[in-house]
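Worksheet: one structure, shown below.
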Amino acid sequence: MTNKIKIQIRDLWFYYNTNLILEDIHLDIRKNCITCITGPSGQGKSTFLMTLNRLWENIDGAKSQGIINIDFENGFEEITVPGYPLPQLRQKVGMVFQTPNPLPMGIYKNVAFPLKLIGEKNRDSNFEKVKTALKKAFLWEEVKDRLTQDASLLSGGQQQRLCIARTLVLNPQILLLDEPTSSLDETSVEMIEQLLVILKQDCTIIMVSHYMDQIKRIADTTLVLSNRQLSKQ
Ligand code: ADP
């Protein structure tokens with residue numbers, strides 16, 4: 001654990017049309033830590049995650065104000081400035097969703113897909129990157145002999161680890177996870193918790209979770225989102 005700050009959030013406001021969701025958020029998020037966000041449904045936890053990779057900009061009627069600075073190892077950069085390059089931002093700030101969403105293709109191709117999107121064409125180096133990502137996601141041993149098999153044939157827990165591997169293949173500095181274990185069995189939950197605890201050595205992790213026992217097990221910092229405010233628990 002470190003006290004170094006990775007993300008600084010200042011005067012952050014967020015609206016869906018006239019509906020105010022986040023009000024004047026001031027927050028620092030520590031590097032190489034697991035920050036868990038909890039609180040009642042519908043308060044804005046998913047929305048908050050989307051402010052960190054600007055994914056909300058794809059939503060009609062959504063509007064955000066304020067400043068988010070991230071230290072991508074060269075000092076703080078303001079990612080909220082207009083024109084900030086979103087492909088690079090989303091490469092460095094990866095996201096995993098509640099429901100596993102593998103692409104309709106084979107296991108290997110799923111994890112290699114982001115590499116293809118950024119134009120990485122070297123087959124050998126791509127194979128090594130995919131293998132490393134699958135290992136980090138604790139999935140390599142289970143799939144190494146069937147990499148061309150359709151990803152939809154994997155179990156729910158394996159599909160979620162595949163989605164984590166697909167995000168890790170670009171070596172993100174920040175990993176956003178939106179209730180990543182809520183549709184999974186106990187063994188899969190345990191595996192994902194273990195891999196997140198290892199991953200925080202290389203990554204700053206921000207995870208929405210409803211499960212207090214899970215938060216107790218893995219969180220370094222817990223934030224509660226309620227009444228449009230995020231406060232430390
Ligand atoms: P949480 O993750 O805490 O459950 P969300 O961030 O999903 O909360 O949603 C916060 C509030 O914003 C909810 O009241 C929800 O109905 C509303 N909301 C979410 N997405 C949209 C959208 N695309 N358009 C309008 N309102 C939305």
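Atoms within each ligand, like the ligands themselves, are counted from 1 in listed order.
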With distance as the sole test, does N32 use its side chain to make a donor-acceptor pair with the main-chain N or O of Q201 at under 3.5 Å?
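Checking the backbone N and O of Q201 against the side chain of N32, a donor-acceptor pair under 3.5 Å is found.
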Ligand 1: which residues have a non-hydrogen atom closer than 4.0 Å?
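Y16, I21, P40, S41, G42, Q43, G44, K45, S46, T47, I59.
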For N101, does the CG atom sit with more than 12 other heavy atoms under 6.0 Å from it, leaving out its own atoms?
yes
Linking I/L/V/M/F/W/Y whenever their side-chain heavy atoms sit closer than 4.5 Å, directly or via other members, would L168 and L162 fall into one cluster?
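Looking at the clustering, L162 is in a separate group from L168.
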How are the rings of W13 and Y15 set relative to one another: parallel (under 30°), tilted (30 to 60°) or perpendicular (over 60°)?
parallel
Between Y108 and F127, what is the ring plane arrangement, given parallel below 30°, perpendicular above 60°, and tilted in between?
parallel
Can you sort out the partners of Q91 under side-chain hydrogen bond (donor to acceptor under 3.5 Å, both in side chains), two or more places apart, ordered by chain and number?
none
